[in-house]
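Before any comments, here is the structure.
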Amino acid sequence: MKKNKGPWSHRVLVVIFTILFSLLIFWLLDFAVDDIGSIPGPKQEDVEKKFLSPELINQRDSIDRQIEELNRDISAQRERQSLLRDSTSRYETTLTQLLELQKSNSQKGMSTGQAQQQALAQSVSLFLSNQQKDQTLSDDILRLTEQERHLTDDKRAIDGKLETQRKDANEELERLLRSHNRRLAALKLLLLIPLLAVALFILSKKRAGIYSPLAYGAGIAILVRTSLVIHECFPTRYFKYILLSAAILAVGYTLVWLIRMIRSPKPSLLLKQYRDAYEAFFCPVCDYPIRRGPRRFLFWTRRTVGKIVFPAEPQQAGEQIYSCPACGSRLFEQCAKCGGIRHSLLPFCENCGSEKALVAQAS
Ligand SMILES: [Zn+2]
Ligand SMILES: [Zn+2]
């Protein structure tokens with residue numbers, strides 16, 4: 001009742017700093033949880049090493065190397081072939097020219113010279129030998145390509161086998177990861193739940209007293225981080241039940257609190273209601289005007305109560321015991337300490353300042 005609330009600016013600052021305090025605590029917890037989360041788990045290579053047969057991998061690697069070599073050979077042969085074809089086409093041109101020359105000579109009735117005959121024979125023989133080399137190279141390329149196809153087929157078969165083994169490895173890896181994540185979640189909860197329990201304990205026992213904003217701030221931060229961890233570790237299917245149960249509990253608790261507030265309001269709220277009613281000269285219980293003393297024959301509402309002009313009447317017997325004529329509640333009574341007239345529903349006597357317990361009046 002006598003709690004000093006302090007100026008509103010300080011109350012606002014308390015709220016702001018409480019929020020800041022919760023945010024900082026949340027941040028700290030976040031770091032701790034992240035550090036726990038960075039503990040290394042199972043590695044894909046390790047699991048695959050266990051599941052993939054090293055023989056098959058060796059075979060595949062050697063086939064890969066062979067295929068690479070073959071490809072190199074094939075492209076070298078192709079290059080040779082293309083160079084050869086260049087020279088062949090040059091011989092072909094020379095040959096055509098020589099033949100043209102011979103033809104025109106014979107038309108003119110001139111015999112072809114010895115040198116020309118020789119050049120022609122040489123060109124023909126070179127051209128033919130080039131053709132033969134070209135054929136050999138083509139055969140070679142064909143053979144190499146055939147080999148490569150065989151190797152690729154082998155490799156495909158091995159890859160198929162490896163794929164089956166890899167599937168097993170992936171299943172195992174997934175299982176390991178799941179259990180690793182569960183272990184991390186357990187560690188995180190092992191950190192958070194004791195903290196949450198401490199915060200709840202302090203709050204439930206009201207140990208924090210006037211420092212309860214600190215406990216509330218820390219408690220909320222821990223609670224949010226904990227629920228995030230739970231959300232991460234448990235599949236959403238379970239999480240929605242946990243979340244809904246918590247929400248139902250919270251809403252139910254709030255509802256109970258509201259109902260209790262209405263049934264038996266908190267003293268501070270009750271006092272405020274009584275104070276405001278006395279201030280406007282209305283019965284705090286039923287809102288009927290308190291017509292006593294100089295107000296005996298007046299009419300007012302809560303809006304006009306301050307504008308009433310009183311008839312110039314001597315201070316008359318307003319100081320009397322008074323009960324509400326509408327509901328019968330005692331509104332002014334004799335003080336038990338000093339015998340003066342005091343408000344029945346306010347805590348302190350206006351004459352001597354003695355306090356009496358505030359009782360809720362049934363309305
Ligand atoms: Zn009344
Ligand atoms: Zn008194």
Side-chain angles (χ1 to χ4, degrees), residues 40-178 180:
K43 283 206 186 68
Q44 189 172 7
E45 303 101 81
D46 297 347
V47 178
E48 280 192 353
K49 220 179 272 171
K50 241 186 285 172
F51 275 79
L52 301 189
S53 120
E55 243 172 85
L56 284 178
I57 290 179
N58 279 344
Q59 272 180 33
R60 193 198 54 190
D61 287 351
S62 106
I63 288 178
D64 272 345
R65 270 195 303 278
Q66 286 175 46
I67 287 177
E68 207 179 318
E69 220 166 287
L70 278 176
N71 278 333
R72 251 200 321 270
D73 287 352
I74 289 171
S75 68
Q77 298 295 62
R78 285 232 165 93
E79 207 165 324
R80 261 176 228 138
Q81 196 174 35
S82 105
L83 286 175
L84 190 69
R85 279 184 183 165
D86 278 355
S87 79
T88 311
S89 79
R90 269 201 307 280
Y91 289 137
E92 205 173 357
T93 325
T94 320
L95 206 57
T96 323
Q97 281 168 355
L98 284 172
L99 284 173
E100 285 287 326
L101 197 65
Q102 203 176 27
K103 205 165 142 195
S104 73
N105 277 352
S106 68
Q107 271 169 0
K108 288 177 201 158
M110 281 159 50
S111 66
T112 315
Q114 185 78 29
Q116 273 180 9
Q117 290 278 14
Q118 221 164 22
L120 188 64
Q122 203 176 8
S123 288
V124 167
S125 94
L126 279 173
F127 178 76
L128 286 178
S129 108
N130 264 10
Q131 288 284 56
Q132 206 159 16
K133 277 186 201 153
D134 192 314
Q135 187 56 45
T136 321
L137 280 175
S138 285
D139 288 350
D140 219 18
I141 291 172
L142 197 68
R143 188 175 49 80
L144 290 174
T145 315
E146 195 65 24
Q147 262 180 30
E148 195 205 351
R149 196 165 40 239
H150 276 304
L151 283 175
T152 313
D153 284 350
D154 289 354
K155 189 188 164 186
R156 198 173 299 134
I158 290 174
D159 274 345
K161 279 184 207 157
L162 280 176
E163 201 48 51
T164 337
Q165 292 180 351
R166 193 166 285 134
K167 214 177 273 170
D168 292 345
N170 280 344
E171 271 168 25
E172 172 72 3
L173 181 70
E174 232 162 74
R175 199 183 59 76
L176 286 176
L177 273 179
R178 265 202 303 275
H180 174 71

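Treat the numbers as computed from the prediction; the structure is a model and nothing was measured. These values consider heavy atoms only, across backbone and side chains, with no hydrogens, waters or symmetry-generated copies.
Ion pairing between a basic and an acidic side chain is recognised when a charged N comes within 4.0 Å of a carboxylate O; E100 and K103 show no such pairing. Using a 4.0 Å cut-off between charged nitrogen and carboxylate oxygen, E68 and R65 do not count as a salt-bridge pair. Under a 4.0 Å N-O distance rule, the pair R156/D159 does not qualify as a salt bridge.
Taken to the nearest 0.5 Å, the CG atom of D153 stands 8.0 Å off from the CZ atom of R149. Note that CG of L126 and CD of Q122 are 5.5 Å apart. Values are rounded to the nearest 0.5 Å. With values rounded to the nearest 0.5 angstrom, I158 atom CD1 is found 6.0 Å from L56 atom CG.
Across all their heavy atoms, S123 and L95 have their closest contact at CB-CD1, 3.4 Å. Scanning both residues, K155 and I63, for their nearest heavy atoms gives CB-CG2, 3.9 Å. Between P40 and H180, the shortest heavy-atom contact is O-CE1, 3.3 Å. Minimum heavy-atom separation, I141 to Q81: CD1-OE1, 3.5 Å. Minimum heavy-atom separation, V47 to L176: CG2-CD1, 3.9 Å. Across every non-hydrogen atom of I67 and E148, the tightest pair is CG2-OE2, 4.0 Å.
Proximity of D134 to S138: side-chain heavy atoms (C-beta onward) are separated by under 4.5 Å at one or more points. Within the 4.5 Å cutoff, side-chain heavy atoms of Q44 are placed close to those of N170. Side-chain contact check for E171 versus R175: every heavy-atom pair is 4.5 Å or farther apart.
When atom types are taken as modelled, the side chain of Q165 and the backbone of S53 share a donor-acceptor pair closer than 3.5 angstrom.
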